[in-house]
Amino acid sequence: DSYGFRCGSLCLPMYFFALAFWVRERRGWALLFAVWAIFIKEEAAIPIGMFGLYLAFFEKRYRLGVAITVIAFVYFLAMTSIVIPMFNHNPYPGQENFAHLGATKMEIFLSPWTKPREFWGNLLGSSSFYFAALLVGPLLFIPLRKPSVLLVGSLVFLFDCLHPSLKSLCFQYQAALLPVVLWAFAAALQPVHPGRRRAVLCGAIVAAILFSLFFGNIFWSKSTLAAV
């Protein structure tokens, strides 16, 4: 986050640890870090719930995938509809980002049909494609070869695209997208010959430096293309 510390940023290492342990078949540790992320920030339940769908649809682990999805989304709805409003004595703060789509979760859910101009205009606007390019461009767009993995971050990406200020790499809102994009990148390179893989990695490092220089918002970035 280029504008200070946010609790959501703490979820980032939890995502990476959970994914690393899951890939190594250490399910208990993976579950521990996933739950830890949810306890840090309730919105972490969204990518974890989508990970359950990935397991069900693409790894054919139906029971486990459905269980993860149901538990994660029920937890998110309970926290944002009951627990957090009960303590804040106000609606869920994150819902304010989508006030232009509706005043309640149901209105926001139905906004593709009730407010198509606002919903689809934000989702399919040029800034959404720019945001997507900033996510996968530093990795030479190779993550796009693994749409099944990108499904895990698709719902977070959709929510980010529905509000102009969320479509930025300078905030904490894309924290859940970074490990998904890197996972898709690694999965796409897995069958590639080691020699070519090293060349691609070198190219990705150069691309990442250039993107950071011209599109970033840190002290070495240039205020040129980043303002587009």
Side-chain angles (χ1 to χ4, degrees), residues 1-4 6-12 15 34-35 37-54 56-57 65-136 147 150-181 228:
D1 189 345
S2 300
Y3 293 92
R6 297 290 188 278
C7 289
S9 302
L10 286 176
C11 292
L12 188 56
Y15 294 139
V35 172
I38 290 176
F39 284 165
I40 292 174
K41 195 66 175 172
E42 70 288 338
E43 62 198 38
I46 297 175
I48 292 173
M50 295 301 292
F51 178 72
L53 292 181
Y54 166 81
F57 288 125
V66 170
I68 290 176
T69 298
V70 170
I71 292 172
F73 286 148
V74 167
Y75 174 86
F76 177 77
L77 289 174
M79 292 297 293
T80 58
S81 301
I82 302 173
V83 178
I84 294 177
M86 181 175 62
F87 284 96
N88 285 351
H89 304 289
N90 282 302
Y92 178 56
Q95 200 167 305
E96 297 175 358
N97 293 322
F98 310 104
H100 59 294
L101 298 176
T104 65
K105 289 183 178 63
M106 183 56 67
E107 290 180 359
I108 295 172
F109 178 77
L110 295 175
S111 62
W113 300 277
T114 58
K115 294 187 176 181
R117 178 174 298 179
E118 289 83 354
F119 182 91
W120 297 108
N122 280 288
L123 181 61
L124 301 178
S126 59
S127 58
S128 296
F129 292 95
Y130 176 75
F131 178 46
L134 291 181
L135 286 169
V136 297
L150 294 179
L151 171 72
V152 178
S154 60
L155 194 54
V156 175
F157 179 78
L158 183 148
F159 283 137
D160 285 348
C161 287
L162 291 179
H163 193 283
S165 65
L166 304 185
K167 289 184 274 192
S168 171
L169 296 181
C170 302
F171 302 105
Q172 77 278 10
Y173 307 111
Q174 84 292 346
L177 298 177
L178 300 182
V180 174
V181 169
V228 175

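The first residue of the sequence shown is numbered 1, and numbering continues consecutively from there.
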Can you tell if the side chain of [X] reaches within under 4.5 Å of the side chain of [Y], non-hydrogen atoms only?
X	Y	result
Val83	Glu42	no
Lys105	Leu77	yes
Val152	Tyr15	no
Pro112	Trp120	yes
Pro93	Asn88	yes
Ile46	Phe159	yes
Leu135	Phe157	yes
Ser154	Met50	yes

Donor-acceptor contact below 3.5 Å, side chain His100 vs main chain Leu162:
yes
Mark yes or no for whether Lys167, through its side chain, and Asp160, through its backbone, hold a donor-acceptor pair below 3.5 Å.
no
Atom pair [atom1] ([X]) and [atom2] ([Y]), whose distance is rounded to the nearest 0.5 Å:
X	Y	atom1	atom2	value
Thr104	Gln95	OG1	CD	7.0 Å
Met79	Lys41	CE	NZ	10.0 Å
Ile108	Asn97	CD1	CG	9.5 Å
Leu110	Phe119	CG	CZ	11.0 Å
Ile68	Ile48	CD1	CD1	9.0 Å
Tyr54	Leu151	OH	CG	9.5 Å

Work out which heavy atom in [X] is nearest to a heavy atom in [Y]; give both atom names and the distance.
X	Y	answer
Ser128	Asn122	OG-O, 2.8 Å
Leu53	Thr69	N-OG1, 3.1 Å
Ala44	Ala37	CB-O, 3.6 Å
Phe76	Glu43	CE1-CA, 3.9 Å
Cys161	Phe131	SG-CD2, 4.2 Å
Ala176	Pro47	CB-CG, 3.7 Å

Using a 6.0 Å cut-off, check whether atom CE of Met86 has over 12 heavy atoms from anything other than its own residue.
yes
